[in-house]
Amino acid sequence: MIVNTRAVRIEWGDCDPAGIVFNPRFFEFFDASSWLLFDAALGVKPHELNAAYGLIGIPLVDARANFMKPVKFGDAVEIATRIVKFGRTSFEVEHRLSVGADLHIEGGETRVWAAQDPNDATKIRGVPIPADVIAKFG
């Protein structure tokens, strides 16, 4: 499976008064990393998903993290993101955040391949993930 990596420098605004990253910020990092993975694999920007695939988006339905070591102001981190499993309408995303060679945070998300509900324009629903999309993730 394709792995997208990105570098992030931890800024003061990412941190709590103790100078370590405020835990909810990791979920923001993970969300951005998921969208970047899709851009890298599909070559489609998030705002172009509807035109390319008829999607409303890839909404998050579950998020989790294991905080093994603190990440601090000034740290240069690398976030490696990949899909670990595709289902019929959902998929599992893995995030691994490292400082140098040390793994500090493991995270995961469950997301849904979602389109507008044809029976109710105010709702979205999961739809089958196309085989050609899955193939692009290797």
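Small disclaimer: the values here were computed from a predicted structure and weren't measured.
Interatomic distance, Thr89 OG1 to Ile129 CD1, rounded to the nearest 0.5 Å: 6.5 Å. Interatomic distance, Glu106 CD to Ser98 OG, rounded to the nearest 0.5 Å: 9.0 Å. A distance of 12.5 Å separates CD1 in Ile105 from NE2 in His95, rounded to the nearest 0.5 Å. Atoms CG and CD, on Asp75 and Glu11 in that order, are 11.5 Å from each other to the nearest 0.5 Å. Note: Arg125 CZ to Gln116 CD = 10.0 Å, rounded to the nearest 0.5 Å. Between atom CG of residue Leu97 and atom OG1 of residue Thr81 there is a gap of 9.0 Å, rounded to the nearest 0.5 Å.
Looking at Glu28, Arg6, Arg82 one by one, the single match for side chain to side chain donor-acceptor pair (under 3.5 Å) with Ser33 turns out to be Arg6.
The aromatic rings of Phe91 and Phe86 sit tilted, their planes meeting at an angle between 30° and 60°. Under the 30°/60° scheme for interplanar angles, the aromatic rings of Trp12 and Phe73 are found to stand perpendicular.
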Show me the donor-acceptor pairs, under 3.5 Å and distance only, between side chains in residues 47-60 and residues at least two apart or in other chains.
| unit_1 | atom_1 | unit_2 | atom_2 | d |
| --- | --- | --- | --- | --- |
| Glu48 | OE1 | Lys45 | N | 3.2 |
| Asn50 | ND2 | Leu55 | O | 3.4 |

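Checked by atom type and distance alone, the side chain of Glu92 never pairs as donor or acceptor with a backbone atom of Val84 at under 3.5 Å. Side-chain atoms of Asp16 come within 3.5 Å of backbone atoms of Gly19 as a donor-acceptor pair (strictly under, hydrogens ignored).
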Q: Decide salt bridge (charged side-chain N to carboxylate O under 4.0 Å, His left out) for Arg111 and Asp31; before the verdict, give the C-alpha distance in whole Å, the side-chain angles of both, and the deciding distance to 0.1 Å.
A: CA-CA 10 Å; Arg111 290 181 174 264; Asp31 182 66; 2.5 Å; yes
Q: Check the pair Phe137 / Phe38 against ring pair (Phe, Tyr, Trp, His ring centres under 6.0 Å), numbers first and verdict last.
A: CA-CA 9 Å; Phe137 285 86; Phe38 269 76; 5.0 Å; yes
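A continuous path of ILVMFWY side-chain contacts below 4.5 Å connects Trp35 to Met1, so both sit in one hydrophobic cluster. Under the 4.5 Å side-chain contact rule for hydrophobic residues, Val133 and Ile83 share a cluster. Hydrophobic clustering (side-chain heavy atoms under 4.5 Å, transitive across Ile, Leu, Val, Met, Phe, Trp, Tyr) groups Leu42 together with Ile134. Cluster annotation: Ile79 is not connected to Ile2 through the hydrophobic network of ILVMFWY side chains, with a link wherever side-chain heavy atoms come within less than 4.5 Å. Hydrophobic clustering (ILVMFWY, side-chain heavy atoms < 4.5 Å, transitive): Phe22 and Phe67 are in distinct clusters.
Residues Phe29 and Val77 form no side-chain contact, since every pair of their non-hydrogen atoms from C-beta on lies 4.5 Å or further apart.
Across all non-hydrogen atoms, the minimal contact from Arg96 to Leu103 is NH2-CD2, 3.3 Å.
At most 12 heavy atoms of other shown residues, nucleotides or ligands fall within 6.0 angstrom of atom NZ in Lys72.
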